[in-house]
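Structure, as structure tokens:
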Amino acid sequence: MAKRRARPVKLGEALDSWVRSADRQGGLSRARAVSLWPEIAGPEIAQHTMGIALRQGLMSVHVDSHVWATELTLLSEELKDRLNAALGEGAVREMRFTVSRKVNDARAVASEEECTRRRYGGERVRPAELTTSEIEAIRKQARTIESPDLRDAAVRAQIRDLEVKKARDAQNAAHETDKGATEPKKPDIR
């Protein structure tokens, strides 16, 4: 029996074909719909929405207000077309926009994470020296802790935390000053 020679196939095409055959319930395309939502919707819409699920052709999106729900309902055909272009024709047959606190809650969490990243992330800083009154305030707060070992650990952790925060704040203030110095000043017109 002669061996059959297959035509060469690009690795990406082979993987796509394999994933489609392995994902018979469409879980990956549903997950892709949700993960692609911010890109498909664009930055302004994504700021007020959160893609939740794609089930049986229905794309559910949480919105932060009734105004946005109404606006997006009017844009639903265009958004549906964009999703189908990315996922494959017929993946999304209908869109539903529901007002939910989850959007604002997610936005608050993201804002807190960004604030924490700015405060603690980035390049390492040399801890700033604390004043005697700052150290005393930390020790005073920790006096209520009964266990001496736990109290000492809490004091050390708070001191280190404040040292890093002060250093990061000083670094950010210096960066803002440098940034302001390089930007042209606006003329004072009175």
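Starting from 1, each residue takes its place in the sequence as its number.
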inquiry  = Could you work out, with side chain to side chain donor-acceptor pair (under 3.5 Å) as the rule, every residue matching Lys165, not counting sequence neighbours?
reply    = Asp161
Atom pairs and distances, donor-acceptor, side-chain atoms in residues 34-47, under 3.5 Å, two or more places apart:
from	atom 1	to	atom 2	distance (Å)
Ser35	OG	Ala31	O	3.4
Ser35	OG	Arg32	O	3.1
Trp37	NE1	Thr49	OG1	2.8

ask   = Nearest 0.5 Å, what's the CZ-CZ distance between Arg156 and Arg160?
value = 12.0 Å
key: Contact summary for Ala154 and Ile145, nearest pair of heavy atoms   = CB-CD1, 3.8 Å
note = Under a side-chain separation threshold of 4.5 Å, the hydrophobic residues clustered together with Val155 are Leu130, Ile135, Ile138, Ile159, Leu162
key: Nearest non-hydrogen partners of Lys166 and Glu129, listed with the distance   = NZ-O, 3.4 Å
task = Scan for salt bridge (Lys or Arg N to Asp or Glu O under 4.0 Å) pairs involving residues 77-87, sequence neighbours excluded, and state none if there are none.
result = Glu77-Lys80, Glu78-Arg82
message = Set out, in order, the CA-CA distance, both residues' side-chain angles and the distance that settles side chain to side chain contact (heavy atoms under 4.5 Å, CB included) for Arg107 and Asp64, then state yes or no.
response = CA-CA 10 Å; Arg107 194 179 311 140; Asp64 65 0; 2.7 Å; yes
message = Can you see whether Ser100 engages Thr98 through a side-chain donor-acceptor pair at a distance of less than 3.5 angstrom?
response = no
inquiry  = Between Val103 and Met95, is there shared hydrophobic-cluster membership here, with clusters defined by ILVMFWY side-chain heavy atoms closer than 4.5 Å?
reply    = no
ask   = Has Arg139 got more than 12 heavy atoms of other residues, nucleotides or ligands less than 6.0 Å from its CZ?
value = no
query = Do Leu79 and Leu58 belong to the same hydrophobic cluster, where Ile, Leu, Val, Met, Phe, Trp and Tyr are linked whenever their side-chain heavy atoms lie under 4.5 Å apart, directly or via other members?
reply = no
key: Exercise: identify the closest heavy-atom pair between Val125 and Ala167   = CG2-CB, 3.7 Å
key: Leu75 with Ile52, same ILVMFWY side-chain cluster at under 4.5 Å   = no
inquiry  = Is it the case that the side chain of Ser111 and the backbone of Ala108 share a donor-acceptor pair, with hydrogens and angles ignored and the cut-off at 3.5 Å?
reply    = no
ask   = If you look at every heavy atom in Pro127 and Glu163, which pair is closest and at what distance?
value = CB-CB, 3.7 Å
task = Keeping to residues at least two apart or across chains, list the ring-ring contact (aromatic ring centres under 6.0 Å, His included) pairs with something in residues 60-114.
result = His48-Trp68
inquiry  = Tell me whether Leu54 shares a hydrophobic cluster with Met50, the cluster being built from Ile, Leu, Val, Met, Phe, Trp, Tyr side chains joined at under 4.5 Å.
reply    = no
ask   = Please, which pairs that meet ring-ring contact (aromatic ring centres under 6.0 Å, His included) have at least one residue in residues 71-96, sequence neighbours excluded?
value = none
